Amino acid sequence: MNATAAVAAAVVPAAGRGERLGPGAPKALRELGGVPLLVHAVRALARSRAVGLVVVAAPADGVAEVVGLLDSHGLDGKDIRVVAGGATRQESVRLGLAAIPAEVEIVLVHDAARPLVPVEVVDAVAAAVRAGAEAVVPAVPLADTVKRVEPNRGGPEPVLDTPDRSTLRAVQTPQGFRRETLAEVHEKALTEEAAGGLPPVTDDAGLVERFGGRVVVVPGHEEAFKVTRPLDLVLAEAVLARRRASDGY
C-alpha cells in the first residue's frame, strides 16, 4: 500500500432527522457545548493523522448550510467535503464513498451522533485496516446482562435465553474498511434492495458480515457513545465540560 493509499478517508452520514432526540433541528445539527454534534464528530476525525479527507453526507436540502457551518467553526486544516446524502444511512454512505478519490484504499465510516470519540480509537481502527483487516469495528464489553426475548409490543415479553455476556460487544464507530470491500458490499446491497431482498442493516460492518466477509474488533472507548436520546446529550455535556476543564478541548 503506497503512502497516499495508506491515508484514510472518512465518511460521516449526517442526513438523518434523529427523531428520538425530540422535535427541532436534524440530530447532527443539535448543539453540544454550543457547537453542533456534526462539528464535534468531524473535528474528532480531523485530529487523527491517519485521516486525510472527511466527506460529510448532509441532508439533500441542507448542503450549503452544512458547508457554511463547517467553515464557520474553523475546520480548514483538513480536506473536508460535503455531498448530498440519501434517504437512508446506507444510501448516504454510498454517496459519500463515491466522492472519495479512487486512490484512497482505507475508508472509515463514522456516526455524526458520536461526537466525543477519542482520537486513539480513530487511529486504532485505521491501523488495523492498514495492517490487513478488511473490516474493523471498535467495541466495548457489555456492563449489563442481556436477555433475548420474544417481542410483544405493549405487553410482557417472554425471555428466550440469556446470551453469555463475555462473548458480546457493544459496537461503536468509526468503523474501518478496505475501500474495495466497502464498495463491493454496498453495490451488492443496492442490487438486493432493487430486487426486493433483505432489509438494510444498521451498520456497514453488518453488510460485510451479510456477504461473507470477516470483521474484527478493536477496543472502543466509553466516551464514544451515541447521542440518541435527551439523556445522552446530558451525559455528553458532562464529558465535554470535564475535557474542557482538563485540557482546553
Side-chain angles (χ1 to χ4, degrees), residues 7-14 16-56 58 62 65-80 82 108-128 136-144 169-176 203 217-249:
V7 176
V11 175
V12 182
R17 295 297 309 177
E19 304 295 344
R20 282 176 289 182
L21 265 179
K27 178 165 62 175
L29 303 184
R30 300 293 181 91
E31 291 194 348
L32 168 61
V35 176
L37 294 176
L38 175 61
V39 173
H40 284 289
V42 172
R43 279 179 177 165
L45 295 166
R47 285 191 181 94
S48 173
R49 293 182 181 178
V51 176
L53 165 67
V54 180
V55 177
V56 177
E65 178 185 2
V66 170
V67 169
L69 184 72
L70 296 173
D71 286 347
S72 70
H73 283 85
L75 293 172
D76 53 5
K78 287 275 175 89
D79 186 356
I80 298 171
V82 181
L108 310 184
V109 181
H110 184 55
D111 296 332
R114 296 184 190 271
L116 299 175
V117 60
V119 69
E120 310 90 75
V121 175
V122 181
D123 291 344
V125 170
V136 181
V137 297
V140 293
L142 297 183
D144 298 318
R169 298 291 183 270
V171 173
Q172 303 173 330
T173 69
Q175 299 182 354
D203 71 345
V217 170
V218 297
H221 195 282
E222 62 183 3
E223 293 181 1
F225 61 88
K226 191 173 186 178
V227 176
T228 303
R229 298 176 175 84
L231 185 59
D232 300 325
L233 199 53
V234 173
L235 178 57
E237 291 280 4
V239 172
L240 182 62
R242 179 185 56 76
R243 287 188 183 182
R244 285 176 171 171
S246 63
D247 58 16
Y249 181 87

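Since the model is a prediction, treat every value here as computed from it, not as a measurement.
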Over all atoms of both residues, closest heavy-atom pair of [X] and [Y]:
X	Y	value
Pro174	Pro138	O-CD, 3.0 Å
Gly52	Val7	N-CG1, 3.3 Å
Val66	Ala58	CG2-CB, 3.6 Å
Val140	Gly220	CG1-C, 3.8 Å
Ala14	Ala112	CB-CB, 4.0 Å
Ala44	Pro115	CB-O, 4.3 Å

Quick one: pull up [atom1] in [X] and [atom2] in [Y] and give me the separation to the nearest 0.5 Å.
X	Y	atom1	atom2	answer
Arg47	Asp123	CZ	CG	12.0 Å
Glu222	Gln172	CD	CD	9.5 Å
Thr173	Leu108	OG1	CG	9.5 Å
His40	Leu116	NE2	CG	7.0 Å
Leu37	Asp111	CG	CG	11.5 Å

Quick one, [X] and [Y] - any side-chain contact, counting heavy atoms below 4.5 Å?
X	Y	result
Arg30	Val227	no
Asp203	Gln175	yes
His110	Val122	no
Arg243	Pro118	yes
Val137	Arg169	no

Evaluate the criterion side chain to side chain contact (heavy atoms under 4.5 Å, CB included) for residue pair Leu29 and Glu65; output intermediate values, then yes/no.
CA-CA 10 Å; Leu29 303 184; Glu65 178 185 2; 3.7 Å; yes

Show every donor-acceptor pair shorter than 3.5 Å between a side-chain atom in residues 234-242 and any protein atom, with sequence neighbours excluded, or say none if there are none.
{"residue": "Glu237", "atom": "OE1", "partner": "Gly33", "partner atom": "N", "Å": "3.2"}
{"residue": "Glu237", "atom": "OE2", "partner": "Gly33", "partner atom": "N", "Å": "3.1"}
{"residue": "Arg242", "atom": "NH2", "partner": "Glu223", "partner atom": "OE2", "Å": "2.1"}

Could you tell me whether the side chain of Ser48 and the main chain of Leu45 form a donor-acceptor pair under 3.5 Å?
no

